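Written out below as structure tokens is the structure these notes cover.
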Amino acid sequence: MSMEQTKVMVEFFSEEPLENVMAMIKYQPEKIIFLGHKENMITKKINDIRDFRSSRCPSTELDFIEVPKNDLNAAIDIISEIIREYPGIRFELTGGSELILIALGCIAARMNISKLRIDPFTGKEIDIKGDLVTTSDFHYKISIAENILLHGGILTNKTGSFCEWKFTDDFREDIRIMWDICKKYKGNWNRHCASIDELRKSVQHQHEGWEELYKKPLGDAISLLRDFKEAGLVKDYTETGKMVVFRWKNQMIRKVIAKAGNMLELHVYEVATREDYIFTDAIIGAHIDWDGEVHSLSHPGYDTMNEIDVILMKGVCPIFISCKSGKAGGHALHELETVSRKFGGKYAHKALVLARACDDTVGTQYFKQRARDMGIWIIDDVFRLSDEQLANKLKRI
């Protein structure tokens with residue numbers, strides 16, 4: 001059956017949000033009827049699907065019908081009534097409960113019904129009509145913002161890709177230059193950045209846009225500023241007996257210095273998005289509101305917020321990445337696991353990217369084992385990896 005002929009479809013309601021919208025993404029039917037049980041087809045999840053529908057295919061009408069959990073005959077009656085009302089209807093079976101699947105099986109034994117299953121991981125569809133089974137591929141894609149919406153949250157306007165960083169060709173080149181400098185300093189990068197930022201905050205600036213720092217408290221952090229001068233990342237740089245005076249090339253360079261941990265995130269994002277065919281969407285500094293309602297000062301409320309350093313999208317499967325330029329502990333693993341489970345379910349991938357190499361101590365081996373148990377990839381020693389090696393590791397997640 002062609003995509004154009006699909007007017008009405010049935011989805012067997014799934015606990016995994018993604019499984020509920022695959023048919024909607026591909027076929028954009030006039031109507032989708034969801035069949036599910038009262039205890040899992042809850043209002044919040046229904047509203048999340050409606051929000052996704054409004055964003056993705058607003059003309060599709062949605063119906064949600066409850067099926068009694070332990071009454072096979074009632075389930076058969078409900079499905080039979082739907083088939084009578086909508087001849088030629090198609091059933092998408094992924095994620096349905098056993099009872100509803102058995103009910104459909106009872107009907108299919110005596111009627112020719114169009115059934116299909118879609119695998120979100122691979123984009124493969126298996127289509128079953130009578131004895132005829134056909135398989136097809138489709139490149140399913142949703143944006144990171146749509147994925148968060150589907151899972152009941154929203155990306156707020158504090159997200160770095162929206163408000164902090166503008167990835168022009170010029171800034172991408174600056175990131176590559178800064179990463180080379182960062183690799184040279186390794187652990188001292190964070191220390192030097194903190195020294196420079198503390199000093200610039202404590203000095204009364206006489207001229208807008210200029211930085212005037214005393215050399216003595218700068219100490220050996222001055223070598224980082226000299227490297228920035230050589231690389232053209234600061235302008236109009238002069239040193240006198242007591243002072244260093246300069247201007248930043250732009251405000252984004254200043255922000256990298258202000259929060260030294262940004263450097264690893266920027267490097268990972270820049271490498272991942274260099275070839276736009278590898279990942280279908282990417283966001284840095286993702287600021288997620290868990291309940292989908294951003295409360296203002298005039299309408300206060302309790303918000304659960306999470307910031308994820310980098311999120312990449314491969315089709316419909318998100319990859320949540322946490323970047324640590326210093327040490328990482330169990331808390332980093334648990335936060336990554338919690339957020340990825342909430343906003344990706346079983347289709348999420350997750351990785352912890354570490355600038356330094358993991359050592360061979362018992363504690364580190366235990367940490368790595370815990371990460372493996374949680375399904376978290378660890379990419380360590382990024383200081384030593386070439387851009388190509390890092391890109392290959394990201395592709396493999």
Side-chain angles (χ1 to χ4, degrees), residues 14 16-27 48 52 55-57 94-95 117-126 135-155 159-162 165 167 172 264-288 306-323 336-353 371-372 374-379 382 385 387-397:
S14 171
E16 287 288 341
L18 193 54
E19 292 175 353
N20 291 319
V21 297
M22 299 298 284
M24 189 193 302
I25 295 167
K26 179 172 179 180
Y27 291 100
D48 293 342
F52 180 88
S55 163
R56 189 58 185 241
C57 33
T94 312
R117 290 189 75 113
I118 299 169
D119 181 355
F121 273 130
T122 60
K124 277 204 185 318
E125 179 179 318
I126 300 169
T135 60
S136 58
D137 283 311
F138 185 75
H139 293 296
Y140 293 86
K141 277 199 307 193
I142 59 174
S143 69
I144 291 164
E146 285 173 332
N147 176 66
I148 301 293
L149 195 67
L150 177 62
H151 289 83
I154 55 171
L155 280 177
T159 293
S161 292
F162 302 159
W165 314 110
F167 288 93
R172 284 177 174 276
L264 182 59
E265 296 168 32
L266 287 164
H267 172 58
V268 168
Y269 178 93
E270 194 276 320
V271 167
T273 58
R274 216 175 274 181
E275 306 284 355
D276 60 8
Y277 66 86
I278 299 170
F279 298 104
T280 48
D281 196 11
I283 275 178
I284 188 170
H287 206 269
I288 303 172
N306 271 98
E307 189 175 343
I308 293 293
D309 297 331
V310 177
I311 306 177
L312 304 173
M313 204 79 182
K314 195 78 184 273
V316 294
C317 299
I319 303 164
F320 296 90
I321 299 175
S322 181
C323 301
L336 190 55
E337 163 66 16
T338 303
V339 175
S340 63
R341 190 170 60 236
K342 161 75 175 156
F343 294 107
K346 72 182 183 188
Y347 296 103
H349 302 277
K350 42 208 182 274
L352 185 62
V353 176
R372 274 195 290 274
M374 291 177 174
I376 296 173
W377 279 65
I378 294 211
I379 301 174
V382 179
L385 295 181
D387 292 0
E388 189 182 8
Q389 285 170 320
L390 175 59
N392 286 334
K393 284 178 183 284
L394 292 171
K395 280 183 221 171
R396 284 177 57 209
I397 294 173

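Here the structure is a predicted model, which means the values were calculated and not measured. This chain uses plain numbering: 1 for the first residue, then up along the sequence. All values below were derived from every heavy atom in this structure, side-chain atoms included, with hydrogens, water molecules and symmetry-related copies excluded.
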Measuring from atom [atom1] of [X] to atom [atom2] of [Y], what distance do you get when rounded to the nearest 0.5 angstrom?
| X | Y | atom1 | atom2 | value |
| --- | --- | --- | --- | --- |
| T338 | K342 | OG1 | NZ | 12.0 Å |
| R56 | E146 | CZ | CD | 4.5 Å |
| K26 | H139 | NZ | NE2 | 11.0 Å |
| I376 | S340 | CD1 | OG | 6.5 Å |
| I144 | L155 | CD1 | CG | 7.5 Å |
| K395 | L312 | NZ | CG | 12.5 Å |

Counting only N and O atoms by type, is there a donor-acceptor contact under 3.5 Å from the side chain of [X] to the main-chain atoms of [Y]?
| X | Y | result |
| --- | --- | --- |
| D119 | K124 | no |
| T159 | H287 | yes |
| S161 | I284 | yes |
| T280 | M313 | yes |

Decide yes or no for [X] and [Y]: does some side-chain heavy atom of the first lie under 4.5 Å from some side-chain heavy atom of the second?
| X | Y | answer |
| --- | --- | --- |
| D281 | N147 | no |
| F167 | L266 | yes |
| H267 | V382 | yes |
| I118 | F138 | no |
| L18 | I142 | yes |
| M22 | Y140 | yes |
| R341 | M374 | no |
| I25 | F52 | yes |

Which heavy atom of [X] sits nearest a heavy atom of [Y], and at what distance?
| X | Y | value |
| --- | --- | --- |
| Y347 | C317 | O-CB, 3.4 Å |
| I308 | I288 | CG1-CD1, 4.5 Å |
| A371 | I378 | CB-CD1, 3.7 Å |
| Y269 | R172 | CE2-NH2, 4.2 Å |
| L336 | A351 | CD2-O, 3.4 Å |
| C323 | D309 | N-OD2, 2.7 Å |

(request) Begin from the C-alpha positions of L394 and I319 and carry the test side-chain contact (heavy atoms from CB on, under 4.5 Å) through to its verdict. (result) CA-CA 9 Å; L394 292 171; I319 303 164; over 6 Å; no
(message) With a 6.0 Å cut-off (strictly less than), is the heavy-atom count around NZ of K141, excluding the residue itself, greater than 12?
(response) no
(request) Count the heavy atoms of every other residue, nucleotide or ligand shown that sit under 6.0 Å from CG of D137, and state whether that count exceeds 12. (result) yes
(request) Walk me through it: do W377 and H349 pass the test side-chain contact (heavy atoms from CB on, under 4.5 Å)? (result) CA-CA 8 Å; W377 279 65; H349 302 277; 5.8 Å; no
(message) Using the rule given for side-chain contact (heavy atoms from CB on, under 4.5 Å), can you reason through K393 versus I397, listing the C-alpha separation, both sets of side-chain angles and the distance that settles it, and then say yes or no?
(response) CA-CA 7 Å; K393 284 178 183 284; I397 294 173; over 6 Å; no
(message) Can you tell me which residue among I321, T273, L264 is in a side chain to side chain contact (heavy atoms under 4.5 Å, CB included) with V310?
(response) I321
(message) Pair L385, I379 - check side-chain contact (heavy atoms from CB on, under 4.5 Å), show working.
(response) CA-CA 10 Å; L385 295 181; I379 301 174; 4.0 Å; yes
(message) For H151 and F343, take the angle between the two ring planes, folded into 0 to 90°, and tell me which bin it lands in: parallel under 30, tilted 30 to 60, perpendicular over 60.
(response) perpendicular
